[in-house]
K.L.:
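One structure coming up, written as structure tokens, with questions to follow.
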There are 2 protein chains.
Amino acid sequence: MLFDMIEQVPRQIADVGIVGGGQLARMTAQAAIPLGVRLRVLAARADDSAAQVCADVVVGSPDDAEVLSAFARGCRVVTFDHELVPVPALARLDAEGACLRPSTAALVYAQDKRWQRERLGGRGFPVPRHRVVSDGAEIAACAEEYGWPVVVKTPRGGYDGRGVWVVESASEAEDVVGGLTGQLLVEPWLPIEREVAVIVARRPSGELATYPVVETVQVDGICHEVVAPAPISPEMAVRADRVAREIAEAIDLTGVMAAELFVSDGEIVINELATRPHNSGHYSIEGSTTSQFEQHLRAVLDWPLGSTALTAPIVVTVNVLGGPDGQDPRNALPSALAIEGVHVHLYGKDARPGRKLGHVTVRGDDVPSVRERARRAAAILAGTANEIVGVSR
Amino acid sequence: MLFDMIEQVPRQIADVGIVGGGQLARMTAQAAIPLGVRLRVLAARADDSAAQVCADVVVGSPDDAEVLSAFARGCRVVTFDHELVPVPALARLDAEGACLRPSTAALVYAQDKRWQRERLGGRGFPVPRHRVVSDGAEIAACAEEYGWPVVVKTPRGGYDGRGVWVVESASEAEDVVGGLTGQLLVEPWLPIEREVAVIVARRPSGELATYPVVETVQVDGICHEVVAPAPISPEMAVRADRVAREIAEAIDLTGVMAAELFVSDGEIVINELATRPHNSGHYSIEGSTTSQFEQHLRAVLDWPLGSTALTAPIVVTVNVLGGPDGQDPRNALPSALAIEGVHVHLYGKDARPGRKLGHVTVRGDDVPSVRERARRAAAILAGTANEIVGVSR
């Protein structure tokens, strides 16, 4: 068992341990190098995205409380690549005195949508109306109040559009419920003018910093593009920023959090929270004075937070989603790099259709030209450059 | 022997292997992550600067031809963290069909100052007048022509001011020669208005890109500060740029090279060449659209070169040189990070007085305020912040 290494070979105590070896851990590893932060990654597999590029990797299951506990003992601070670590395992780490940043209590707001809606709603935050149901009849009852369609969500475990259904009728409701067990969250289908996100960082001693509000362009629940700053009114940006700040305070955040927000009927409505660096903040690697990954390290280590100013008037990130032919984006890298000003980030993941394999960031002065270059590079990498390049809105 | 691993454990072929595990390899490793370039480092010690942060490290002596040969067999392209690999070992790699970038022939221009002066001078490049001598009397004879003082250099192995002496008299010449064996290079002492540097990248297929001319501020032969762009006339910048380009063509460069140049009596004079990423280009990590480390990877892999445009009007890098009390800069990191817009790079090296332990980069609109912040942060990291912060010119 590879994980035995942590017991057998005495390692130096890591400054920060990340649970999970995905691309967020990989990009955090990149940010740790210049800071001299000693980073250790707990990866499920030796070839996970972050494990490929980290000098200090422990292979073991992040769902296994024993593994987590041994990992945490070797790290001054433990943080997370994802929010899916089971609460009992987190509670055990807390009991053992591990320093979890974000805290278990904060993570639960991202893990459990029902908890998040109920707690934040109860404190006056702009969450959508919502109800907890167990069967199709209850969904239909909600629809009588909200109108069809309604949005049905599993309270836990959904991401990238999984675990979310737009339900148009009582029979569709029965179909959705038929494949599931347990309670579901029902919300009205909101007319969405725009989806935006705010990255907020907060350190244990209380200092807080927000990044500019960005627009996220989603297709089928998957983020395709991020435009910084979001093309919204200054008043709306102030409101979005304030919601993100107040949530960070309310949940006693430590680290970076993404607040994904809807602009609907001229109001800000909370969509999702992620208590970690987030796809909507990848633009910050080149587009901000301090990247969200460096900021996360600063925040969890209780160091001064960095400037969140943009480094260019416009920054656009386009995700590289696996194309239908399964092209490895590495093979197209030289062609993508031939485009002026393109910053390519590949995650070292096997190509599968629709999978997030990387992203491309371009900085510049105007959205159309910046976005065109970023889309073109992403399409080349995905192997879809011969298709129509563009994202429907 | 750790190096046996490369024979015993079949590893994936690396895209790029770097000979040497210093800070240049470390920063190249950082640049390799987003590109998905599979990098392998040949480090002399398991705790070398780059070995601390690289997933794929081979420990072995870069001076050992057997070690180098085994290392090269596992890499599509071999490049270098320094120029000091012995030529016979390089020649053996060439004979074995290794893909060395830069080539052995190009490396020799950086390794051997006598060769460089003679070859470049013979082709009309602006090298200083120079003569090869063996004893103090010959130095004194040079001084009759050049005037005292003269500059005496060992043809090989000098760096950061080592291997260079400013000699004021015949008796000093005898003192210098007394401690040395072999031939020496003698050059006139030039009145230097400014020291500047140009980073140039060139790929095997011939594409070439230069970065803006920067000013390097040296103290006792060690680079303390880099200011981009250099405060010189556009005409002088064009001439410096042209010299760097023409050298890159002349030596058939592949990869990144730094041309360190003097501005003396209104003329550009070649000081040193380094056929690798260089301290004078560290500012490019944040200060340029494409960092010199990414550019080096692109160039040695024969990929399209990236934009070398500055990301801000002014970029200043100040080196963190170990202070007299041997403070570990990690201990001062939070204080340095409290300064607005400071980008800190630590190399993971043990603190020793005068040793390059890291650098700090700040971007902005005007030299005085940008430089002040960078100097302040570097002094905090070095543990010299209570001394007068400033660099004599």
Side-chain angles (χ1 to χ4, degrees), chain A residues 12 15 26-27 29-39 41 46-47 49-57 207 285-286 289-290 294 298 301-307 309 311-312 328-330 333-349 357-359 361-363, chain B residues 12 15 26-27 29-39 41 46-47 49-57 207 285-286 289-290 294 298 301-307 309 311-312 328-330 333-349 357-359 361-363:
Chain A
Q12 198 170 27
D15 295 322
R26 180 183 175 108
M27 290 184 269
Q30 189 188 335
I33 294 175
L35 295 175
V37 169
R38 295 178 186 129
L39 193 76
V41 169
D47 65 350
S49 180
Q52 294 168 25
V53 303
C54 258
D56 191 355
V57 177
E207 188 191 2
I285 298 174
E286 295 87 10
T289 300
T290 310
E294 175 173 338
R298 290 183 184 222
L301 287 163
D302 203 13
W303 290 349
L305 300 179
S307 162
T311 63
D328 182 346
R330 277 172 53 91
L333 195 48
S335 304
L337 292 175
I339 301 171
E340 171 90 5
V342 160
H343 299 283
V344 173
H345 294 257
L346 299 182
Y347 304 155
K349 290 156 72 178
L357 303 175
H359 73 266
T361 296
V362 179
R363 294 179 278 195
Chain B
Q12 197 169 26
D15 295 321
R26 181 184 176 107
M27 290 184 268
Q30 189 187 335
I33 294 174
L35 294 175
V37 168
R38 294 178 188 128
L39 192 77
V41 169
D47 65 349
S49 179
Q52 293 168 25
V53 303
C54 259
D56 190 355
V57 177
E207 187 190 3
I285 298 174
E286 295 86 11
T289 300
T290 311
E294 175 173 336
R298 290 183 184 223
L301 287 163
D302 203 12
W303 290 350
L305 301 180
S307 162
T311 63
D328 182 346
R330 277 172 52 90
L333 195 48
S335 304
L337 293 175
I339 300 170
E340 171 89 5
V342 159
H343 299 282
V344 173
H345 294 256
L346 299 182
Y347 305 154
K349 291 156 71 177
L357 304 176
H359 73 266
T361 296
V362 178
R363 295 179 278 195

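Below, chain A is the first sequence line, B the second, and so on; all start at residue 1. The analysis underlying the following values was restricted to heavy atoms, covering all of them including side chains, and did not include hydrogens, waters or symmetry mates.
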K.L.:
Which value, rounded to the nearest 0.5 Å, describes the distance between Thr311(A) atom OG1 and Arg363(B) atom CZ?
P.N.:
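Going from OG1 on Thr311(A) over to CZ on Arg363(B), the span is 5.5 Å.
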K.L.:
Considering the options Leu39(A), Ile33(A), Asp56(A), which one meets the side-chain contact (heavy atoms from CB on, under 4.5 Å) requirement together with Val53(B)?
P.N.:
Ile33(A)
K.L.:
Below 4.5 Å from any heavy atom of chain A, which atoms of Leu333(B) appear? Answer side chain, backbone, both or neither.
P.N.:
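Only the side chain of Leu333(B) comes within 4.5 Å of chain A.
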K.L.:
Applying the side-chain contact (heavy atoms from CB on, under 4.5 Å) criterion to Pro34(B), which one of Glu286(A), Met27(A), His345(A) satisfies it?
P.N.:
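In the set Glu286(A), Met27(A), His345(A), the residue that makes a side-chain contact (heavy atoms from CB on, under 4.5 Å) with Pro34(B) is His345(A).
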K.L.:
Identify which of Arg26(A), His359(A), Glu294(A), Arg38(A) forms the greatest number of heavy-atom pairs closer than 4.5 Å to chain B.
P.N.:
Arg38(A)
K.L.:
Tell me the closest heavy-atom pair linking Ala55(B) and Cys54(A), and the distance in Å.
P.N.:
CB-O, 3.4 Å
K.L.:
Hey, could you give me the NE2/OG1 distance between His343(B) and Thr290(A), rounded to the nearest 0.5 Å?
P.N.:
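His343(B) NE2 to Thr290(A) OG1: 6.5 Å, rounded to 0.5 Å.
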K.L.:
Under 4.5 Å heavy-atom distance to chain A, tell me which part of Asp15(B) shows up: side chain, backbone, both or neither.
P.N.:
side chain
K.L.:
Find the one option among Ala51(B), Ala31(B), Pro304(B) whose heavy-atom pairs under 4.5 Å with chain A are most numerous.
P.N.:
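That would be Pro304(B).
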K.L.:
Donor-acceptor check, side chain of Arg298(B) to backbone of Pro334(A), threshold 3.5 angstrom: yes or no?
P.N.:
no
K.L.:
Which one wins on heavy-atom pair count under 4.5 Å against chain A: Val342(B), Leu301(B), Val37(B), Thr289(B)?
P.N.:
Thr289(B)
K.L.:
Where on Glu340(B) is there a heavy atom nearer than 4.5 Å to chain A: the side chain, the backbone, both, or neither?
P.N.:
side chain
K.L.:
Would you mind checking which part of Gln52(B) comes under 4.5 Å of any heavy atom in chain A, side chain (CB onward), backbone (N, CA, C, O), both or neither?
P.N.:
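Contact with chain A is through the backbone of Gln52(B) alone.
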